[in-house]
Amino acid sequence: MKGRLENNMKKNITALLLALLIAAAALPLNISAEDIPINLSAADVSADISACEGSYCGGGCGYDCGGLSPVTGGIHAGITLYGAVGDLLADPDTCEHDRLGTPSRPDKPSTCQNEGMDFWACSKCGYESYDVIPTHNRVYTSIGNGNHRVRCLDCGQMISYGENCDRKGTPSNADEPATCTTDGKDWWKCSKCGYESYDVIPASHQSPQYTSGGDGTHDVLCTACGYTAASEPCDRKGRPANTDVPSDCTTPGTDYWACSKCGYQGADTLPLNPDNHCFDYIDKNNGTHKIKCVACGFVAAEAEPCDKDYSFGPDTPPTCIETGRDMWCCRQCGFQNYDVIPLGDHTIRARSAGENTHQLYCTVCKQNFETETCTPGQYYPSTTAGKHKVYCGRCTNLLVESETCNRNGTPSDADVPATCFSTGVDFWKCSLCGYESLTVTPIDPNNHDPGTSLYRSRSDGTHAYYCWYCDLDIAVYDCDRNGTPSTPDAPSPNCATPGKEYWKCSVCGYEGYDETPANSQIHTGEYTYITMGFWGSHRVDCAGCGANIIASETCDKDGFYKPDIPADCIHEGMHYWACTKCGDTGYDVIPALGHNLRYNEHFLTNTHSAVCLNCSMTVIQSEPCDRNGTPENADVPPTCVSNGHNYWKCSLCGRDGDDIIPPDENAHPAGRLYSTANNDGTHKIACGDCGRTTAESEPCDRNGTPEHPYEPPTASAPGKAWWRCSKCEYETYTEIPAGLGVKPGDVDRSGNVNLADAVMISRCLAGWTIPQNYNPEATVRGEGTVALIDAVLISRWLAGWEIPELGSNP
């Protein structure tokens, strides 16, 4: 059971770190160390997983991975947090991270070109991660030919003077398929700047028939147009019937292929692969084994330690008189053995040693220890109601014969309160011994039992709240008038007759009414409209009672008494009206219409004139163009040898203009820069347009793929770690001394290449303090300086890739 638990935990940790390092492998190799996401807390510095070789944790760092050994708490490899005696507090795989902790790394703000990192930490398990902060908002302006320039909307910075369109938009034109003799068009659109164009689809035959020649070629006949061709090479894009056979160290392989057009099946012979061995594990010797190729006899390891990852039998836990056994089995060679577990702690019990004292002893070895004074800890009900006996918490000594219960517990039954006609019950429980009892409470004349008919009407707009048992009025309340009365209201019909408003109490059902005064707002006669003596208003009186209804009302102006005078571009007009109620007359001013301008471009200067389309008046003789329009051409930035163009357009007259920008000697197009090797680990960068040198001696980046393979050192001859610059393609090597006493990739000197080495390299790049046993000469490429490529190569090798520098994958 323990072996399976340890194995599952190792797999979980391995999968987490592998995912982290494989994700780092996809990054460009020239990124900075602080950009590498490492989800390890600062407390993990004290738990160096390179020293982990013990049995409980699978790493021997002193922390408990299986919950079997007592520890005081801590973080193991930044993965799991444990408390006292192996108590698992939080696991990042199941923890709901609250993000309330303090991360060990400061946030990295976003810029115009790079995303930022918002670091956070879980206050429960210590797990650290980050959220991506998007780059600043951008605006894209097309410059034609499938390119656009990019400017930051937040800070105004020009991010790129020329960037390729992404072709992810939806074009307005439909694609035009190619025919046997006519080219087609594949339309595309940039989703950023909106530029549209198309790619030419070469003419191709629509109904070709292929006849295999049996030698890797086929004849072609188009049934649509009659085109014929002979001896065309097979394309090898089909699915072969046979599975490829890889080469190994003694036998060549076979690469099967098929033609997707004529169906011909072919095969190519693959050369020998000296690094593809068929290893076996032999010479098992008490925890070690030898790794040897059964085909060619190559020995990869003379005495490799067994991994002890599996258990072939149940473990024997240790006691205070006998050691235990940790049964293990090597998953590679199958060797079985066990490790001795040191003596454990005593199993302590207590027995009575007299009045109020007891002695401690071990139940296994029977050894006696110190004598202690008894302390209360066990409580049992006594024969007397409401009392209990008190015993020692560790032995059987009786300390108190009879002690009164405390009534501080929570009883099983709820209390029953006393009412005006019945007694109550007060239940209680002792919190120490659990004894339960009750106390009867007397009748309470003030606690009336709530019944179903608690309210009765008093016929005066009030009702009484009374006790149905003792018929006592407890309180008197006003009726709420929230019910629905049985008699409809009798509203006031006019300005002289009062009305009645009926109501009903929703509690006691009493019905009554309130008298409402005559409605002075409802008049029976016609209205009289009297002109106020000035334009646009009159007062309204009731014709029946003479009361003034409206002191001042605006005339409706719906009538007229003479024709209007219309307005023109510069003159006001008059609208004459009459009120249909009081007969008052007046007029309203119609504002001048204003000119309807048409702007005419002046070709000799950047100005325009304006003429009114309504009255033909020349309103503007000459006015500068405003340049607020959208020009048809996109601005062209200057380069080191050519002028730039700042195009503009007038939003009024439509005039197009062009301001010339002189050449900028520092504006070298990115696609025109080239590198020339200096053959000393550096290169020179020059511009292909102006020939000006931008850098005389820039260090080579070593990110290219060298043509020479890695040459490992031997006991008598040095090795060579070849590298190549990805820019100038300069290639050379770093010599690895002969007889190097460490294994490539084993930077922690553990004897094996594992995840601990990749983690230590990542920590070194992140600026951590590395222990003294770190060996930079054991890096994968053998250059004596750690780099991201070393961690990437180790992670790929552990994932099953073939890495020549590291030898065979375990």
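Computed over heavy atoms, backbone and side chain alike; hydrogens, waters and symmetry mates excluded.
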Nearest heavy-atom pair of [X] and [Y]: which atoms, and what distance?
X    : Y    : value
V753 : L798 : O-CD2, 4.1 Å
I143 : A634 : CA-CB, 3.6 Å
P208 : V220 : CB-CG1, 4.3 Å
G146 : W188 : CA-CH2, 3.9 Å
A592 : A567 : CA-CB, 4.4 Å
P663 : P638 : CA-CB, 4.2 Å

Could you state the interatomic distance from [atom1] ([X]) to [atom2] ([Y]), rounded to the nearest 0.5 Å?
X    : Y    : atom1 : atom2 : answer
M117 : S129 : CE    : OG    : 10.0 Å
L597 : L652 : CG    : CG    : 9.5 Å
I761 : L793 : CD1   : CG    : 9.0 Å
H595 : D568 : NE2   : CG    : 9.0 Å
Q265 : S212 : CD    : OG    : 10.0 Å
C615 : N596 : SG    : CG    : 9.5 Å

Quick one: does any side-chain atom of [X] pair with a main-chain N or O of [Y] as donor and acceptor, under 3.5 Å?
X    : Y    : answer
N147 : N145 : yes
R655 : N600 : no
N276 : S247 : yes
D175 : W187 : yes
D183 : P202 : no
T182 : A178 : no
T111 : N114 : yes
D166 : K168 : yes
S795 : V792 : yes
S160 : G162 : yes

Legend entry - OH/Y647: more than 12 non-hydrogen atoms of other groups inside 6.0 Å: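 Atom OH in Y647 is packed in, count exceeds 12.
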
Inset, instruction - Test salt bridge (Lys or Arg N to Asp or Glu O under 4.0 Å) on R724 and E729 and set out the steps. - result: CA-CA 6 Å; R724 185 185 185 92; E729 299 186 350; 3.4 Å; yes

Legend entry - Audit row: R236, D268, salt bridge (Lys or Arg N to Asp or Glu O under 4.0 Å) steps and yes/no: CA-CA 11 Å; R236 301 194 175 199; D268 296 329; 2.5 Å; yes

If the plane angle is over 60° it's perpendicular, under 30° parallel, otherwise tilted; pick one for [X] and [Y].
X    : Y    : answer
W722 : H708 : parallel
W120 : H97  : tilted
Y210 : H218 : perpendicular

Legend entry - Donor on one side chain, acceptor on other, H602 and T607, under 3.5 Å: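 Yes, side-chain donor-acceptor contact under 3.5 Å.
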
Inset, instruction - May I ask you to check whether E196 and S172 show a side-chain donor-acceptor distance below 3.5 Å? - result: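 Checked: E196/S172 side chains pair up, N/O donor to acceptor below 3.5 Å.
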
Just so I know, are the side chains of [X] and [Y] near enough to count as touching, which here means a heavy-atom distance under 4.5 Å?
X    : Y    : answer
E698 : T682 : no
C222 : C180 : yes
V150 : R138 : yes

Legend entry - Steps toward side chain to side chain contact (heavy atoms under 4.5 Å, CB included) verdict (E623, Y599): CA-CA 10 Å; E623 178 183 67; Y599 295 89; 4.3 Å; yes

Legend entry - Check against side chain to side chain contact (heavy atoms under 4.5 Å, CB included), Q209 and T223: CA-CA 7 Å; Q209 292 182 353; T223 59; 3.4 Å; yes

Inset, instruction - Identify the residue among D659, D635, D658 that makes a side-chain hydrogen bond (donor to acceptor under 3.5 Å, both in side chains) with H645. - result: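 That would be D658.
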
